[in-house]
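What you see below is based on every heavy atom in this structure, not just the backbone, and it leaves out hydrogens, waters and symmetry mates. A, B, ... follow the sequence lines: proteins, then strands. Residue 1 opens every chain.
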2 protein chains.
Amino acid sequence: MEENIPDNQGGARHSRSNCELSQLSQLAELPVDTLKELARICRPLRFQTGQIVAHEGERPDFIGFVHSGILRMQKTLEDGRQHIVGLLVEGDMFGRVFDGPLNVSVESVADAEVCAMQRAPFESLLLRSPELDRVVLLNILDELDRARDWMIILAKPKVKERLAGFLMVLCSRFAGVDHILRAGSGTIDVKIPISRTDLAHLLGSRPESISRAFHALADGGSIAIKKPDLIEIQDMDALCVVAGDEDAGNHPTMEHLLEFLHGRDD
Amino acid sequence: MEENIPDNQGGARHSRSNCELSQLSQLAELPVDTLKELARICRPLRFQTGQIVAHEGERPDFIGFVHSGILRMQKTLEDGRQHIVGLLVEGDMFGRVFDGPLNVSVESVADAEVCAMQRAPFESLLLRSPELDRVVLLNILDELDRARDWMIILAKPKVKERLAGFLMVLCSRFAGVDHILRAGSGTIDVKIPISRTDLAHLLGSRPESISRAFHALADGGSIAIKKPDLIEIQDMDALCVVAGDEDAGNHPTMEHLLEFLHGRDD
DNA sequence: CGGACGCATTGACATCTCTCAAACTCTGCG
DNA sequence: CGCAGAGTTTGAGAGATGTCAATGCGTCCG
């Protein structure tokens, strides 16, 4: 019954008459025709913090593109707890094209704008637009890679290592998201978008251990805890060493990030 | 230089003049035309245990479909250790369509037959065959789901829970693979396709702890260790409880599996 | 047949993490 | 301003895991 675009039932509001699809970097290079068709079948939705965008086990009538804000994907365990399996930010896609029900729930972590593509016309357009098809395919492949990176982080035996890996992911993947990363004077501030409890579930631990791991990293000098949910990265290399050097040279350097972030502010 | 189909350099041997593609359940329902075209651009390769099928960081000239045997995907860490991020069995696909280099290595765990589709004609065919395109898309979506299921298993705090989850995955996903699952008289035998050391890497632990966890499960009565790499599932429900009931009702029952496996033997 | 080798197991101990409980911080509200 | 509530932090003890070393088991090969 709730398998429709949640514009009425879900409490989401239309933000504009149509999405500014070309702002999404992944879609920007599509042919004009395709973009026009996308705009026609797209409905912009707006979600407040904590709202459910899509329910696990349902088959929403839309494929979502995140336009702004942060969403989280989570699975519901038998005991009712929620387990986060990924975060979605600007440019990310969710929904199962051509396929059955979702097996994750999607919930907004911060106020979010989502472009909802009606399923049937979107799938039809996929068949006619090889370029769009390719964008969707690559998006899913990227998501798969990120899930595998997570697997490596989660397989670290110590909480401190997993937490450091999590911070590295935040730095490398969410650099373009203003809500999460900001440049300070020679340092980088990271906003932790989820609570200690959720972070504990995500990293396979408990809130207390997460807290201790944060302070252990701080004692090591690689980070500083400005507020419980605001971390200052002081030594990216040290953090990377703690994380276990997961991907040799594949992580962003402090200098690179600072340059990028300051460049954005100008 | 090694980015070609490894028929000469890699030591892989052609097994037949062409692949029996229609045997792959995922491809069986494709139109005859598409299957014929696939057969034309496909080269069957055969790998012995331990051979490298594709190297991380390279962009192989082919997209692989596993025809038989077991392969493992792994990432190389900075210290040279290999970290397994997934197993591939009959019907699975690997390779990055339309995209850049692989970020996993693929290595055969048991003697394996792989159908190697030449990249360029395969991508060309994808554009002309919506059915094939859809098969590829769904395959990747399934792989993504499996990776997320792994994340939940890996986030369990105790080794015994993660190991139980691993065994559940083996039961639910590899039921059709003769190398892994066999029905006994009222019980199910699972062949563990990787060593304790690799299993420890996969589950974020150490070989010694894995060994202890196996024996703890055996003491609990849910499994029996017939040989180090041959486990008898005695109580699927108990195993599921230990695993933490990750997906309520989403796991196979003992009865279902036994029925399925015996049906296959007849 | 025996010995070397790889792998799995077992034991002992240090370390880390979980658990439970209490104190603390921040925010919103009367 | 004080209070209540949620979330975070800290502390102490029990439990689980990592670590190191030694032993057991099977296979391969001389």
> Is a donor from one side chain sitting under 3.5 angstrom from an acceptor on the other, for A/Glu113 and A/Ser68?
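The criterion, which ignores hydrogens and geometry beyond distance, is satisfied for A/Ser68 and A/Glu113.
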> Determine whether B/Lys75 and A/Asp145 satisfy the following criterion, salt bridge (charged side-chain N to carboxylate O under 4.0 Å, His left out), listing intermediate values before the conclusion.
CA-CA 11 Å; B/Lys75 282 177 163 250; A/Asp145 280 338; 5.8 Å; no
> Closest nucleotide of DNA chain C for A/Gly204 versus for A/Lys227: which of these residues is on the 5' side?
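Nearest-nucleotide comparison on DNA chain C picks A/Gly204.
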> What's the angle between the local helix axes at either end of the helix from C/dC1-D/dG30 to C/dG30-D/dC1, using five pairs per end and rounding to 10 degrees?
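Comparing the axis at each end, I get an angle of 30°.
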> Please determine whether a side-chain nitrogen or oxygen atom of B/Arg212 lies at a distance below 4.0 Å from atom OP1 or OP2 of C/dT10.
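So the side-chain polar atoms of B/Arg212 never come under 4.0 Å of the phosphate oxygens OP1 or OP2 of C/dT10.
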> Could you check how far CG of B/Leu217 sits from P of D/dA16, rounded to whole Å?
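Spelled out: CG on B/Leu217 to P on D/dA16 is 13 Å.
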> Does this structure show an ion pair linking A/Asp219 with A/Lys160, if we count only N-O contacts that are shorter than 4.0 Å?
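Not counted as a salt bridge, because no side-chain N and carboxylate O are separated by less than 4.0 Å.
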> Distance check needed: D/dG18 C1' versus B/Leu203 CG, whole Å only.
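One finds 15 Å between C1' of D/dG18 and CG of B/Leu203, rounded.
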> Please confirm whether the shortest side-chain N or O distance from B/Ser205 to OP1 or OP2 of D/dT17 is below 4.0 Å.
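Answer is no, no contact under 4.0 Å.
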> Applying the side chain to side chain donor-acceptor pair (under 3.5 Å) test to B/Glu107, which of B/Gln82, B/Gln51, B/His55, B/Gln74 qualifies?
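Among B/Gln82, B/Gln51, B/His55, B/Gln74, the one meeting side chain to side chain donor-acceptor pair (under 3.5 Å) with B/Glu107 is B/Gln74.
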> How long is the line joining CZ of B/Arg162 and C1' of C/dT17, in whole Å?
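Those two atoms, CZ and C1', are 12 Å apart.
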> Restricting to non-hydrogen atoms, name the atom on A/Ala224 and the atom on A/Gln234 that form the minimum distance, rounded to 0.1 Å.
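Taking A/Ala224 first and A/Gln234 second, the nearest heavy atoms are CB-NE2, 3.5 Å.
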> Is the closest basic N to carboxylate O distance between B/Arg173 and B/Asp149 below 4.0 Å?
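No, B/Arg173 and B/Asp149 are not salt-bridged.
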> Whole angstrom is fine here: how far is it from CG in B/Asp229 over to C1' in C/dG6?
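My rounded result for the distance is 14 Å.
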> Could you state the atom-to-atom distance from CD1 of A/Ile210 to P of C/dT19 in whole Å?
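Distance check: A/Ile210 CD1 to C/dT19 P gives 13 Å.
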> At less than 4.0 Å, is any side-chain N or O atom of B/His215 found next to OP1 or OP2 of C/dT10? Yes or no.
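For B/His215, the contact criterion (side-chain N or O under 4.0 Å from OP1 or OP2 of C/dT10) is met.
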> Can you tell me if the side-chain N/O atoms of A/Ser209 get under 4.0 Å from OP1 or OP2 in C/dC18?
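So the side chain of A/Ser209 is within the cut-off, an N or O lying under 4.0 Å from OP1 or OP2 of C/dC18.
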> Judged by each residue's nearest nucleotide on DNA chain C, which is more toward the 5′ side, A/Glu208 or A/Pro228?
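That would be A/Glu208.
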> Between C1' on D/dT8 and CG on A/Leu230, what's the gap in Å once rounded to a whole number?
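In whole Å, D/dT8 C1' and A/Leu230 CG are 15 Å from each other.
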> Grab the CD-P distance between A/Glu161 and C/dC16 for me, whole Å please.
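About 11 Å, once rounded to whole Å.
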> Just the rounded figure in Å: distance from C1' of C/dT17 to CZ of A/Phe214.
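One finds 17 Å between C1' of C/dT17 and CZ of A/Phe214, rounded.
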> With a 4.0 Å limit, can you tell me whether B/Thr197 has a side-chain N or O closer than that to the phosphate oxygens OP1/OP2 of C/dC7?
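Indeed not, no polar side-chain atom of B/Thr197 lies that close.
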> Tell me what A/Lys158 touches on the nucleic acid: a base, only sugar-phosphate, or nothing, going by heavy atoms under 4.0 Å.
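Sugar-phosphate contact only - A/Lys158 comes under 4.0 Å of backbone atoms but never of a base.
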> Does D/dT17 have OP1 or OP2 sitting under 4.0 Å from an N or O in the side chain of B/Arg206?
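No, no such contact exists.
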> State, to 0.1 Å, how close A/Leu154 and A/Leu203 come at their nearest heavy-atom pair, and which atoms those are.
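For A/Leu154 and A/Leu203, the tightest heavy-atom pair comes out as CD2-CA, 3.9 Å.
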